[in-house]
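This report refers to the structure that appears directly beneath it.
Residue numbers start from 1 in every chain, and the chains themselves are labelled A, B, ... in the order their sequence lines are given, proteins ahead of strands.
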Amino acid sequence: MDNISIARLLDETASLLEIDSADPFRVRSYRRAAEAVEQQTTQLATLATPDADPKALLAIAGIGKGMAANIVAIVNTGTLPLREELLQKYKPTMLELLRLPGMGPKTVALLWSALEVADIDALEAAAKAGDLNKLPRMGEKFTTKLIKGIEDYRRNSSRFRIDQAREQAERISALIREFPGIDEITPAGSLRRGRETVGDLDLLVTGPACEADVVSAAVDHVAALPLIDKLLAKGQNKVSFTLRSNLQVDVRLLPRASYGAALQYFTGSKMHNVALRQRAIKRGLTLNEYALARLEDNTIVAAATEEAIYRALDLDYIPPELRENSGELEAAATHALPQLITLTDIHGDLHMHTTETDGANTIREMAEAALARGLKYIAITDHSKNLAMTNGMDDKRALAHIKRIREVDAQMQGRIRVLPGIEVDILAEGQLDLDDSTLAQMDVVVASVHSRFDQPIDQMTDRILCALENPHTRILGHPTGRKVLKRDPYALHLDKILKRAAELGVAVEHNASPARADLNDLHLRLAKQHGCKITINTDAHSTDELDQIRYGITQLRRAWLTPADLINTQPTAEALLTQLRSKP
DNA sequence: GCCGTTTTCGGCCCGACTGTTTTCAGTCG
C-alpha cells in the first residue's frame with residue numbers, strides 16, 4: 001500500500017464523517033493527516049510494521065496516537081474500522097456526489113435520508129423528475145444548475161496542465177487590460193505555486209479602476225468578456241466563469257492597498273494559509289484577504305505587499321512554490337529557507353532533438369537559439385534506431401551525426417559549446433539499442449524507455465536497472481515514463497531505481513516539458529535524499545520548446561532544490577562533463 | 001482527532017456568494 005492510497009482512504013473517511021455530521025474539527029484532522037501522508041517521501045507502509053519504531057509515525061506533524069493507529073490498520077488490513085463502520089450507514093458512491101459543484105456533505109446526507117439517492121444517476125433522475133423541489137432550499141434554480149453540473153462533470157472532470165492554464169491566463173489578462181485603469185494582473189492559486197496541473201484559474205487584478213467606489217464598472221467589463229462560456233457568479237469585486245474548454249476562472253478586482261494580502265490569500269495553499277492565520281492569532285493579529293490587522297482594534301499592520309505580511313509575522317518571505325504547509329513556516333521563522341533555483345542558474349540543456357530525427361530545427365538553429373537564451377552548453381541527443389517512427393539513427397548514422405555536431409561546435413567558436421550525444425532506447429530486456437563502441441564516442445548518453453509500457457511493473461523496473469549498469473549510460477531520461485507512474489504513482493520501484501542511479505553516478509533527468517514531465521516534486525525530493533545527480537532538460541523538439549525550462553524549474557523549486565543539487569548549473573561544459581562521468 | 005513560549009483541556013481560520021431565506025445555512029476557495 002503506497003502513501004497515495006493511504007491518504008485517499010483517510011480523505012474518504014473525512015468525507016464520510018462530514019456526511020455523518022461529525023465534529024468538524026475531527027473531520028479536519030483526518031484531512032490534515034491525509035495531506036501529511038501524501039507529502040511524505042518515505043513509504044509509510046515501512047513505518048507501520050511491528051518491528052518499526054512506533055515513534056516514527058508520531059513524528060509527522062498532524063499525526064497523533066489515533067491517526068497512527070489508523071495508518072497501521074490501513075497498512076495491515078487495507079482499510080480502517082471507522083471507514084467500514086460509516087460504509088454500513090452510507091454508500092461509497094456518495095463520495096462521488098461530493099465532487100459535483102454545489103454539492104456538500106449536508107446536501108448529500110439530506111438526499112440520502114429523504115430520497116435514498118446515493119449516486120449520480122439516481123440524483124439526475126430525481127432532479128429531472130422534480131423530486132428535489134420538495135426538499136428545503138432546493139428550488140427550480142438549484143435543480144437546473146445541478147443538472148448542468150452533472151453534464152459538465154460527465155464531460156470533463158480533469159485538471160489542466162500548467163502551460164495550458166498559463167496560456168489561457170495570458171489571453172484573459174490581455175482582454176481585461178483593455179479596460180482603463182488596470183495596472184496589474186497576477187495569476188494566483190496553484191498556477192502561481194507551480195503545480196503541474198491546476199483545477200481552476202485565479203486572476204487577481206488591481207489598479208485605479210479597482211478602488212471600491214468605482215470597481216463595479218470594471219466588474220461589468222470582466223463579466224462581459226467575449227470568451228466567457230458560462231457566467232457562474234458575479235459579486236461586488238469577483239467574477240467567476242468557465243471557458244469553452246471547461247476551465248473555471250475566478251477573477252478578483254482589488255484595491256492596491258490590499259493587493260498583497262489578496263495575493264497571499266488567493267495563492268494558498270489552503271493548508272499554508274490556515275497555518276499562517278494560526279500564527280497570526282498567536283501574535284494577537286488576524287489575517288484575511290484584505291489585511292493583516294490587530295485583533296483588538298483592527299489596526300492594519302500590513303496589507304499592500306506579501307513581503308510586509310510575512311515580515312510582520314516574523315517570517316522570511318516564502319516563495320509561492322513552497323507554500324504547502326510542509327515545513328516552510330518553520331524554516332522561514334529560523335531563516336532556514338533554501339536558496340531556490342532560478343532560471344539564470346541553469347547553464348545547459350542536455351537533451352534535445354534535431355531534423356536528423358524528429359526535431360523541427362537543425363543543429364545550428366538549436367545552438368543559436370540556446371545561445372540566445374543565455375545557455376553556455378547544450379547536448380544534441382537525437383533518437384536511436386529502435387524508434388523507427390522518429391527516423392531513429394543506426395550506428396553508422398549516429399557516428400556521422402557526431403561529426404556534424406562537432407563541426408557546429410567549432411563554428412560557434414566557444415560562444416556556446418555543443419556536445420555530441422544520443423537518446424538511446426532501453427530495449428525490453430534492458431540492453432541499449434546501439435553498440436557500445438558507438439556510445440563510447442558520445443559525451444552525453446541519455447537512456448530512455450519508449451515502449452512496452454504494458455510490461456509488468458517489476459519487469460519494467462529490472463529493465464531500467466539493467467540499463468543503468470551499462471558503463472556508457474550517463475543520464476536516465478524521463479526515468480519511468482508518465483504511463484508507468486500512472487500505474488504505480490509513488491512506488492517503491494522508483495525508489496529502487498533512484499537509489500541505484502545514485503550508487504552508479506548516473507544522473508536522473510527531470511524533463512521540463514509539461515507534456516513529458518514525469519518527476520513531480522516528491523520524486524525530486526526522493527532523488528535528492530538518495531544523493532542522485534539531477535539534471536533538468538527540455539527534450540526540445542524545436543527552438544521554441546527550449547523555453548519550457550521555465551515550467552520544469554517550478555517543480556525543482558517545489559522540491560526545495562538548490563543550484564548545488566543540479567549538474568547543469570555547472571558554469572562550463574568541461575565542469576559538467578567531469579560531473580557527468582564521475583562515480584561516487 | 002491534534003496540539004501546547006498563557007494550555008494535557010479547550011481550543012481549533014476567514015469571508016464571499018447563492019438560493020430561497022425575511023435572518024441564514026450551505027458551499028467554496
Side-chain angles (χ1 to χ4, degrees), chain A residues 10 13-15 17-19 21-36 57-71 80 82 97-111 132-133 135-146 149 188-191 193 198-204 219 223 231-241 248-254 258 261-262 264-293 295 313-314 325 333:
Chain A
L10 291 174
T13 307
S15 296
L17 279 169
E18 260 186 318
I19 293 171
S21 319
D23 174 14
F25 297 108
R26 192 176 173 211
V27 173
R28 206 171 77 185
S29 40
Y30 275 84
R31 293 235 191 271
R32 186 159 176 233
E35 200 110 358
L57 283 175
L58 295 174
I60 301 168
I63 305 226
K65 251 180 116 179
M67 210 53 77
N70 282 332
I71 291 170
L80 70 168
L82 177 60
L97 287 183
L98 290 172
R99 309 246 288 266
L100 295 172
M103 270 287 161
K106 293 285 189 294
T107 316
V108 170
L110 178 64
L111 288 170
L132 302 187
N133 299 359
L135 300 174
R137 295 178 186 285
M138 293 188 205
E140 199 66 28
K141 249 179 158 167
F142 180 89
T143 307
T144 321
K145 229 177 175 174
L146 181 63
S190 44
L191 182 57
R193 296 203 311 282
V198 305
D200 55 19
L201 207 54
D202 284 300
L203 293 179
L204 300 193
V219 167
L231 191 65
L232 299 176
K234 182 182 161 192
Q236 284 192 332
N237 58 5
K238 176 190 161 174
V239 182
S240 293
F241 53 87
Q248 182 174 331
V249 185
D250 296 321
V251 182
R252 291 181 172 83
L253 302 98
L254 302 139
S258 61
Q264 196 293 311
Y265 187 93
F266 290 111
T267 296
S269 67
K270 195 172 170 159
M271 296 306 257
H272 172 88
N273 285 359
V274 168
L276 202 62
R277 274 174 240 142
Q278 279 166 350
R279 187 178 177 91
I281 285 174
K282 274 191 199 147
R283 284 169 165 65
L285 302 167
T286 174
L287 178 62
N288 59 31
E289 60 260 59
Y290 301 108
L292 177 69
L295 269 172
L313 292 168
D314 302 318
N325 194 31

5'-most contact on DNA chain B: A:Q248 or A:L82, nearest heavy atom basis? A:L82
Applying the Watson-Crick and G-U wobble criteria at under 3.5 Å, what pairs with B:dT8? Answer none if nothing qualifies. none
Checking B:dG15, B:dG1, B:dG26 against the side chain of A:R26 (C-beta onward), the nearest is B:dG1
Expressed in whole Å, how much space separates the P atoms belonging to B:dT20 and B:dC14? 30 Å
Are A:N325 and A:E35 linked by a side-chain donor-acceptor pair shorter than 3.5 Å? no
Closest to the side chain of A:R137, out of B:dA25, B:dT18, B:dG1, is B:dA25
Assess whether a salt bridge exists between A:R283 and A:D314, defined as any Lys/Arg side-chain N lying under 4.0 Å from an Asp/Glu carboxylate O. yes
I'd like the P distance from B:dA16 over to B:dT21, given in whole Å. 24 Å
Taking NZ, NE, NH1 and NH2 as the nitrogens, is one of them in A:E289 or A:K238 under 4.0 Å from a carboxylate oxygen of the other? no
Hey, does A:F25 reach any base, or is it just sugar-phosphate, or nothing, if we go heavy atoms under 4.0 Å? base
For a quick check of understanding: with a heavy-atom distance under 4.0 Å over all strands, which category does A:L276 fall into, base, sugar-phosphate or nothing? nothing
What nucleic acid atoms does A:P105 come within less than 4.0 Å of, heavy atoms only: base, sugar-phosphate, or nothing? sugar-phosphate
Report which part of the nucleic acid A:T286 touches: base, sugar-phosphate, or nothing (heavy-atom distance under 4.0 Å, all strands). sugar-phosphate
How would you label the contact of A:A33 with the nucleic acid (heavy atoms, under 4.0 Å): base, sugar-phosphate, or nothing? nothing
Just call it for A:E18: base, sugar-phosphate, or nothing, with non-hydrogen atoms closer than 4.0 Å on any strand. nothing
Give me the distance, rounded to whole Å, that separates B:dG15 from B:dC9 when you measure between the C1' atoms they each carry. 29 Å
Checking all strands, does A:Y30 fall into the base, sugar-phosphate, or nothing category for heavy-atom contacts under 4.0 angstrom? sugar-phosphate
Name the residue closer to the 5' end of DNA chain B, choosing between A:A68 and A:P101 according to the nucleotide with the nearest heavy atom. A:A68
Looking only at atom types and distance, does a side-chain atom of A:T107 sit under 3.5 Å from a main-chain N or O of A:M103, one as donor and one as acceptor? no
As a test of understanding, state which of A:R31, A:K106, A:R28 forms a side-chain hydrogen bond (donor to acceptor under 3.5 Å, both in side chains) with A:E18. A:R31
With respect to the side chain of A:N237, which nucleotide from B:dG26, B:dC14, B:dC17 is positioned closest? B:dC17
Closest approach of A:L254 to A:A262 (non-hydrogen atoms, all atoms of both residues): CD1-CB, 3.3 Å
May I ask you to say what A:L100 touches in the nucleic acid, namely base, sugar-phosphate or nothing, with a heavy-atom cut-off under 4.0 Å? sugar-phosphate
Would you indicate what A:K282 reaches in the nucleic acid, counting non-hydrogen atoms under 4.0 angstrom: base, sugar-phosphate, or nothing? nothing
Please report the distance separating the P of B:dT22 from the corresponding atom of B:dC28, rounded so that it comes out in whole Å. 23 Å
Would you measure the distance from the P atom in B:dG1 across to the matching atom in B:dT5 and give it in whole Å? 23 Å
Quick one: label A:P136 by what it contacts on the DNA or RNA (base, sugar-phosphate, nothing), any heavy atom closer than 4.0 Å. nothing
What's A:K141 touching, base or sugar-phosphate or nothing? Going by heavy atoms closer than 4.0 Å. sugar-phosphate
If I pick the P atom on B:dC12 and the same atom on B:dT6, what distance separates them, to the nearest angstrom? 16 Å
Touch class at under 4.0 angstrom, heavy-atom based, for A:D23 against every strand present: base
